[in-house]
Amino acid sequence: MAQFRTAQADTVIAPSLLAADFARLAEAADSVEGAVDWLHVDVMDNHFVPNLTLGPPIVKSLKAATDIPLDCHLMIEDPERWATGYAELGAYNVTFHAEASADPVTLAKDLRAAGAKAGLAIDRDTPVEDYLEILPAFDTLLIMTIKAGFGGQAFMPELLDKVRTARAHADSGHLELRIEVDGGIADDTIAAAAEAGADAFVAGTAIYGAADPADAARRLRARADAARSSG
């Protein structure tokens, strides 16, 4: 399992299984083995977002099928009820939405106690400023660069202002915080996200829509690394 010296030590590439063939998820994991850091698992409940996708049984099966750390993104209502279950199934990182949580800091503590990293997600229309002061409770901040709920949407560059704000806050407070971006990340957008301060990148179609998913992931990493090293 990947281990990181500090929150920003390495670029994280996390292919989204939302763009993979749901009948062949183990094969999708195998196709990127050695080229990625996390597998991004989009959990949607058809309530918080108008779509229904993967849940605990799939996460349990994936955990048994791959050694790639699972990055579970919960786009669900009432994460206090469900989130720790994903940690208990062995998810490496469990991210829930700020908009859905009544007590984000307490839930983050519960996730860590259950053995997972704790992530906070911010949707397209949510100001990141409202949550800066609680970031020390989290390991990951996921900033949506689209509207949560559907794959294949176009990247919204104006949302990178949130990444810049969060990165400046994290750096000034010496926080060990991953800043993850999710939505429309591809060859032509990943550099801008990296330059804004992101260090973890969710990519769906850009990886699983490619003829060689592992090669696509390595290409994305190279672009992000180059942008981060020049920043």
Side-chain angles (χ1 to χ4, degrees), residues 1-14 36-38 40 69-74 79-80 83-84 86-87 91-124 126-145 156-183 185 189-203 220-231:
M1 183 171 288
Q3 299 293 328
F4 304 106
R5 293 181 297 279
T6 68
Q8 299 180 65
D10 305 294
T11 296
V12 165
I13 301 296
V36 305
D37 306 279
W38 302 344
H40 191 77
L70 301 180
D71 177 34
C72 292
H73 176 194
L74 309 186
E80 280 77 10
T84 54
Y86 289 89
Y92 174 77
N93 188 71
V94 179
T95 296
F96 60 90
H97 269 264
E99 304 86 1
S101 176
D103 188 349
V105 172
T106 296
L107 182 51
K109 291 177 181 176
D110 291 343
L111 287 169
R112 286 173 165 178
K117 301 289 187 182
L120 184 72
I122 304 292
D123 205 356
R124 179 190 67 187
T126 300
V128 71
E129 288 83 359
D130 294 350
Y131 297 95
L132 295 176
E133 294 309 313
I134 66 170
L135 291 182
F138 291 89
D139 303 289
T140 307
L141 174 67
L142 187 157
I143 295 177
M144 298 300 300
T145 42
M156 302 176 69
E158 63 271 22
L159 298 179
L160 293 180
D161 285 343
K162 294 185 189 181
V163 175
R164 295 182 187 97
T165 297
R167 176 53 67 204
H169 182 83
D171 288 352
S172 67
H174 305 289
L175 302 183
E176 290 194 358
L177 181 75
R178 282 273 177 205
I179 297 183
E180 186 173 14
V181 285
D182 181 359
I185 298 300
T189 59
I190 193 167
E195 288 165 0
D199 53 35
F201 306 88
V202 178
L220 288 171
R221 184 188 305 280
R223 290 176 184 266
D225 283 345
R228 294 183 67 206
S229 65
S230 66

Notebook entry, point to check: Between S101 (side chain) and A98 (backbone), is there a donor-acceptor pair under 3.5 Å?
Noted result: no

Check: Of the non-hydrogen atoms in G197 and R167, which two are nearest, and what is the gap between them?
Finding: O-NE, 2.9 Å

Item checked: Trace of the side-chain contact (heavy atoms from CB on, under 4.5 Å) decision for L111 with F96 -> CA-CA 10 Å; L111 287 169; F96 60 90; 3.9 Å; yes

Item checked: L74 and V94: CA distance, side-chain angles, deciding distance, side-chain contact (heavy atoms from CB on, under 4.5 Å) verdict -> CA-CA 7 Å; L74 309 186; V94 179; 3.7 Å; yes

Check: When you measure from the side chain of R124 to the backbone N and O of M144, does any donor-acceptor pair fall under 3.5 Å?
Finding: no

Checklist line | Close side-chain approach of I185 and F201, heavy atoms under 4.5 Å | finding: yes

Check: Taking T145 for the side chain and G183 for the main chain, is one N or O donor matched with an acceptor at less than 3.5 Å?
Finding: yes

Margin query: Can you list everything that forms a side-chain contact (heavy atoms from CB on, under 4.5 Å) with T126? Sequence neighbours excluded, please.
Written below: E99, I122, D123, Y131

Checklist line | Nearest non-hydrogen partners of A224 and A194, listed with the distance | finding: O-CB, 3.9 Å

Item checked: D37 side-chain N/O to I13 backbone N/O, donor-acceptor pair under 3.5 Å -> yes

Margin query: Any non-hydrogen side-chain atom of C72 less than 4.5 Å from a side-chain atom of Y92?
Written below: no

Next item on the list: Could you tell me which non-hydrogen atom of E80 sits nearest to which non-hydrogen atom of A102, and how far apart they are?
Entry: OE2-N, 3.2 Å

Notebook entry, point to check: When you check the side-chain N and O atoms of T95 and N93, is any donor under 3.5 Å from an acceptor?
Noted result: yes

Next item on the list: For side-chain contact (heavy atoms from CB on, under 4.5 Å), just list the numbers for E133 and H169, CA-CA rounded to whole Å, side-chain angles, deciding distance to a tenth of an Å, and then say yes or no.
Entry: CA-CA 9 Å; E133 294 309 313; H169 182 83; 3.6 Å; yes

Checklist line | Spacing of I179 atom CD1 and T140 atom OG1 [to the nearest 0.5 Å] | finding: 10.0 Å

Check: Any ion pair linking D139 and R112 (charged N to carboxylate O, less than 4.0 Å)?
Finding: yes

Check: Roughly how far apart are D103 CG and K109 NZ, rounded to 0.5 Å?
Finding: 8.5 Å

Note to self: Show the nearest heavy-atom pair for residues A198 and V163, with the distance to one decimal.
What the structure shows: N-CG1, 3.5 Å

Note to self: On a heavy-atom basis, which atom in H40 and which in L142 lie closest, and how many Å separate them?
What the structure shows: CE1-CD1, 3.8 Å

Note to self: To check you understand the geometry: which heavy-atom pair defines the closest contact between A137 and A118, and what is its length?
What the structure shows: O-CB, 4.4 Å

Check: Heavy-atom distance under 4.5 Å between the side chains of E180 and V202, does that happen here?
Finding: yes

Check: Nearest 0.5 Å, what's the CZ-CG distance between R164 and L159?
Finding: 10.5 Å

Notebook entry, point to check: How far apart are the C-alpha atoms of L220 and T11, what are their side-chain angles, what is the distance that settles it, and do they pass the side-chain contact (heavy atoms from CB on, under 4.5 Å) test?
Noted result: CA-CA 10 Å; L220 288 171; T11 296; over 6 Å; no

Next item on the list: Using a strict cut-off of less than 4.0 Å between a Lys/Arg side-chain nitrogen and an Asp/Glu carboxylate oxygen, indicate whether R178 and D199 qualify as a salt bridge.
Entry: yes

